[in-house]
*Asks:* 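Below are the structure tokens for one structure; questions will follow.
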Amino acid sequence: MKSLIPVTAALLLLAACGQRNASRQTAPAAAQTAVPDMHDAENALDYQGTYTGVFPAADVPGIAVTLTLGPDGRYTEVNRYCERPGQFTDYGRYTVRGNILTLRPDSPKDIPAYYRVGENRLWRLDSHQQPITGPFADQYILTKSDSATPAGCY
């Protein structure tokens, strides 16, 4: 009986160490479990503010665009043709879902506009929410501005 006590104690000690090692081996596997990336413009970026840029145009050097996204879900977009007098302004509501900004004008005759939201930038999308392609595609970008100063032409 005296010889069984040390053997039993040794077996219990080995069993306890084996379970501790097993838990160490499974911990990294649990840590490697993929966690969905919940970072998108809707919940991770400060997209509200004023954005400016100059979009290409067919008959003038460009269209100076100033887009302001307010904290109340409303936007104001001022468009001014370069080298031509006058400007036009659109007002409406905006939403951000994932990384897509949707501008819905107050005027029922106007169609929604779409942008991809990035860090301090908005990329204009086509009516199917796809990136604009072609030789001028890189000019359909608005950059966040520190002030509400209207966009200027080149």
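No hydrogens, no waters, no symmetry mates; every other heavy atom, side chains included, goes into these values.
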*Asks:* Which atoms form the tightest heavy-atom contact between Tyr47 and Leu69, and what is the distance?
*Replies:*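 Nearest pair, atom of Tyr47 first, then Leu69: O-CD1, 3.5 Å.
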
*Asks:* Under the 3.5 angstrom rule, does the side chain of Lys144 hit a backbone N or O of Leu122 as a donor-acceptor pair?
*Replies:*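 Judged by distance alone, no pair lies under 3.5 Å.
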
*Asks:* Do you know which two heavy atoms are closest between Ala64 and Cys82, and how far apart they sit?
*Replies:*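 The answer is N-SG, 4.2 Å.
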
*Asks:* Do NZ/NE/NH1/NH2 and the carboxylate oxygens of Arg84 and Asp59 come within less than 4.0 Å?
*Replies:*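 The answer is yes: the pair qualifies as a salt bridge.
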
*Asks:* Identify the heavy atoms of Tyr51 and Asn120 that sit nearest to each other, and give their distance.
*Replies:*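 Answer, listing the atom of Tyr51 first, then Asn120: CE2-C, 4.0 Å.
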
*Asks:* Are side-chain N/O atoms of Thr68 and Thr50 paired as donor and acceptor at under 3.5 Å?
*Replies:*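 Per modelled atom types, Thr68 and Thr50 side chains form a pair under 3.5 Å.
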
*Asks:* Drop me the distance from Thr66's OG1 to Gln87's CD, to the nearest 0.5 angstrom.
*Replies:*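 That separation rounds to 8.5 Å.
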
*Asks:* As a quick check of understanding, evaluate ring-ring contact (aromatic ring centres under 6.0 Å, His included) for Tyr94 and Tyr75, giving each step before the final call.
*Replies:* CA-CA 6 Å; Tyr94 72 87; Tyr75 77 88; 7.2 Å; no

*Asks:* With heavy-atom distances below 4.5 Å as the criterion, would you say the side chains of Phe55 and Ile141 are in contact?
*Replies:*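 No; the side chains remain at least 4.5 Å from each other.
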
*Asks:* Nearest 0.5 Å, what's the CZ-CD1 distance between Arg116 and Ile132?
*Replies:*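 Answer for the CZ-CD1 pair, Arg116 versus Ile132, is 11.5 Å.
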
*Asks:* Going by heavy atoms in the side chains, are Leu142 and Val65 under 4.5 Å from each other?
*Replies:*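 Side-chain contact under 4.5 Å: yes.
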
*Asks:* Work out which heavy atom in Arg80 is nearest to a heavy atom in Gly86; give both atom names and the distance.
*Replies:*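 The answer is CG-O, 3.4 Å.
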
*Asks:* Would you check if Thr95 and Leu101 make a side-chain contact, meaning some heavy-atom pair closer than 4.5 Å?
*Replies:*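 The answer is no; the side chains never approach within 4.5 Å.
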
*Asks:* Thinking salt bridges, do Arg93 and Asp106 make one under a 4.0 Å N-O criterion?
*Replies:*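 So Arg93 does not pair with Asp106 through a salt bridge.
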
*Asks:* To the nearest 0.5 Å, tell me how far Tyr114 OH sits from Arg124 CZ.
*Replies:*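 Reported to 0.5 Å precision, the distance equals 10.5 Å.
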
*Asks:* Can you measure from CG (Asp146) to OG1 (Thr52) and round to the nearest 0.5 angstrom?
*Replies:*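 Answer rounded to 0.5 Å: 10.0 Å.
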
*Asks:* Is there side-chain contact between Leu67 and Thr76, with heavy atoms separated by less than 4.5 Å?
*Replies:*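 A side-chain contact under 4.5 Å is absent here.
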
*Asks:* Is it the case that atom OH in Tyr81 sees more than 12 heavy atoms from other parts of the structure closer than 6.0 Å?
*Replies:*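 Atom OH in Tyr81 is not crowded, with 12 or fewer foreign heavy atoms closer than 6.0 Å.
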
*Asks:* CG/Asp90 to CZ/Phe88 distance, rounded to the nearest 0.5 angstrom?
*Replies:*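 Rounded to the nearest 0.5 Å, the CG-CZ separation comes out at 6.5 Å.
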
*Asks:* Locate the shortest heavy-atom distance separating Pro112 from Pro105; write the atom from each residue and the value.
*Replies:*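 So the minimum-distance heavy-atom pair works out to CA-CD, 4.1 Å.
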
*Asks:* Is the shortest heavy-atom distance from the side chain of Tyr115 to the side chain of Thr102 under 4.5 Å?
*Replies:*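 SC-SC contact between Tyr115 and Thr102 ruled out.
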
